[in-house]
Amino acid sequence: MPDHDPPPNRTARNRLADAASPYLLQHKDNPVAWWEWGPEAFAEARAGNRPVLLSIGYAACHWCHVMAHESFEDAATAELMNELFVNIKVDREERPEVDQIYMAALQHLGVQGGWPLTMFLDTEGNPFWGGTYFPKEARYGQPAFRDVLATMARAYHTDTARVANNREAILQRLAHRARPAGQVTIGLAELDDVAGRILTIMDPVNGGLKGAPKFPNTPYLELVWRAWERTGKERFLKAFLHALERMSEGGIYDHIGGGYARYSVDDRWLVPHFEKMLYDNAQILELLGLAYSATGDTLFRERAGETVGWLLREMVTDEGAFAASLDADSEGHEGRFYVWTLKQLLEALGPADAEVFARAYDISPHGNWEGVSIPNRLARGVDDQAGQADDQADRYDEPRLAALRAKLLTIREKRVRPGRDDKVLADWNGLMIAALTDAGQRFDHPEWIAAAAHAFRFIAESMTIGDRLGHSWRAGRLVAPGLSSDYAAMARAALALFQATGDPAYRERAVAWMTALDRHHAHEDGGWYLTADDAEGLILRPDATTDEAVTNPNAIAARNLARLAVVTGDGSYRSRLDRHFDGLLPRIAPALFGHAGLLNALDTRLRAPEIVIVGRDGAEADALAAVAGRAPRVDATILRVGDGAALPADHPARAKAAEASVPTAFVCAGATCSLPVTDPARLGALLVDKPGEKSA
């Protein structure tokens, strides 16, 4: 216990009952006197001269639940927390700007980040120490949580010099921003070099990055895909497809109900951390579309269709938008909803069908994980221990297996379901709306585009105040103002829907949101701050440019600018994009591997194709547009015009387009365009042509 008598805590009551966040509501009955993040909590800390304990997590976080059960639901631990600290609980998905600041602080202390995030702050919000999960009792070299509480309170009150030094060191490192020391040039050659180096850390057997845990890491995979687009070198395509195939056959994929879990705890993609996040599935869905467009492999088409099936079945809110996540746990156990035993299969399917399904999906008498089995098809295409290919799966009756999966899904629906975090996040919804729209075009599913448009409509109508977006909505309550990630992702969604439908209202909405982003988030050195200029004051405005689980908003917004320059004919967007990179490239040059998203955006600026289709109406023009929408190209922008005169005066296709007497397409990049193309098959061939050495 600390060597002082803290002032009495006369406000020890939990204040989370009125929260909108499902994660915060999970903690409303804790004996901990939780506050929501806000100035009132810090005023309470100053009044009592008590440090702040900040706990950040999210509804689908397994270890957040473990720590809550062990410590936050424990009366003795809660009494100590309430005596020594003002305790603030934050949902990282509702307040990502708060999470970003304090996660960076933890990493600057030399501690590996993760959730739950446990930080100790002074009364002004400055961090002086932190960690992640702490056990209730000391074990495996970790101190007991109550020992941590007592030590931090003692340090705050009796070791003020050390605390102050820690705080200043952390803040200096947080506030430090690289300044351009000269011109930094990153071009296509540098992009190819980074992609080549990524190949050296990829797993040649299991796909993805080497080691465990294994995350999808979609920005890296996209960077490798783009290298194939640029060079035509098959090693890039093979690495991309291998990673996507292995994770799509592994246990990280829900073979019964569709959708991908957040990551795999092993190096084979077998054992997932069972929570399902909206953003992961959005980013993977886009990659599945690219993979199918390039190969025609039915695996990628099936996984895309099944993932969208999961999305529309389980993640649509009453308002038509998309919920944030599904929990990993049900009935107090991680993954219980998703795993099977051989006995359960026999009861559900009968002996003959159970044998077929068990062989195909690795359901064994003793299980493949903790006595139960995670369905997977990793045996397909992988050499067995004797070094011979196991091609048994190729002989399975796939229609029969599909029927059995449907039967098991019906049975599984009767189990106790994992919790669903049903708040609507503008940024994650924007990612999914764009991905769903893209998939609707690639796989010829107009109903997917309609579902995307429905979700978009809710956010545009219910999460927007004037031209300003909010960030999180639940139960009629909007958390505002929005973050740069919200503007970037929703503008991207608007541009995707404009491309798919031709409705100019979507383009106008994208323009309005990107204008608001610049007005309220612009960074003096290029890029955008995460928080708005009129948002609640924090100890600093986060402006990180590195990717996390989601591609950094600076990268998404940059890609929007490139597309807006095409669809509006306004070159000022391209100029704004160049200023963006002029400011950011010197900052990211020393650590390119952490900025795959921005490197992908730079690739879009340098060579993303623009497909001009002259002729708005008619079957011939529609056929050209359909081929363009299925092209295996990232960020290809389709621009449909009635005649060449509708193009800007300086457009490289204007003169040729003016001569077109039938529906015609032009593929443009930079200042050059292809010859006129009237045959859809010829357009398709033109869009898949690659330079470079095909065998390299």
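Minimum interatomic distance between A488 and I556 (heavy atoms only, all atoms of both residues): O-CG2, 3.5 Å. Y260 approaches N281 most closely through the heavy-atom pair N-OD1, 2.7 Å. For T678 against L624, the heavy-atom pair with the smallest separation is O-CD2, 3.9 Å. Across all non-hydrogen atoms, the minimal contact from T437 to A500 is CG2-CB, 3.6 Å. Here the shortest heavy-atom pairing between G430 and M490 reads CA-SD, 3.5 Å.
D543 has a carboxylate O that lies under 4.0 Å from a charged side-chain N of R587, or vice versa, which qualifies the two as a salt bridge. A salt bridge between D534 and R468 is present, with a side-chain N of the basic residue lying under 4.0 Å from a carboxylate O of the acidic one. A salt bridge links R559 with E222; the closest basic N to acidic carboxylate O contact falls under 4.0 Å. At a threshold of 4.0 Å, the pair D525-R579 does not count as salt-bridged, since none of the basic side-chain nitrogens sits closer than that to a carboxylate oxygen.
Taking the six-membered ring for Trp and the full ring otherwise, the centers of W528 and Y487 sit at least 6.0 Å from each other. A ring-centre distance under 6.0 Å is found for F215 and Y263.
Sorted by first and then second residue, the pairs that involve residues 439-465 and meet salt bridge (Lys or Arg N to Asp or Glu O under 4.0 Å), not counting sequence neighbours, are D438-R442.
Between the side chains of W225 and E229, a donor-acceptor pair is found at a separation under 3.5 Å.
From L483, atom CG reaches atom NE2 of H471 across 5.0 Å, with rounding to the nearest 0.5 Å. Between the CG atom of L564 and the CZ atom of R574 there is a distance of 10.5 Å, given to the nearest 0.5 Å. Going from atom CD of E610 over to atom OG1 of T637 covers 7.0 Å, rounded to the nearest 0.5 Å. For the atom pair CG of L191 and CG of L592, the computed distance is 8.5 Å after rounding to the nearest 0.5 Å. We find the SG-NE2 distance between C673 and H651 to be 5.5 Å, quoted to the nearest 0.5 Å. If you take CG on L436 and CG on L431, they are separated by 12.5 Å, rounding to the nearest 0.5 Å.
Residues meeting the side-chain contact (heavy atoms from CB on, under 4.5 Å) test with Y58, sequence neighbours left out: A60, C61, D91, R92, E93, W115, R262, E275, M277.
Counting non-hydrogen atoms of other residues, nucleotides and ligands closer than 6.0 Å to CD1 of I201 gives a total above 12.
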Could you please spell out the steps behind the salt bridge (charged side-chain N to carboxylate O under 4.0 Å, His left out) verdict for D622 and R640? CA-CA 10 Å; D622 289 344; R640 296 186 69 165; 3.0 Å; yes
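Taking the six-membered ring for Trp and thresholds of 30 and 60 degrees, F456 and W513 have ring planes inclined between 30 and 60 degrees apart.
Of the options H520, H521, H523, a ring pair (Phe, Tyr, Trp, His ring centres under 6.0 Å) to Y529 is made by H523 and by none of the others.
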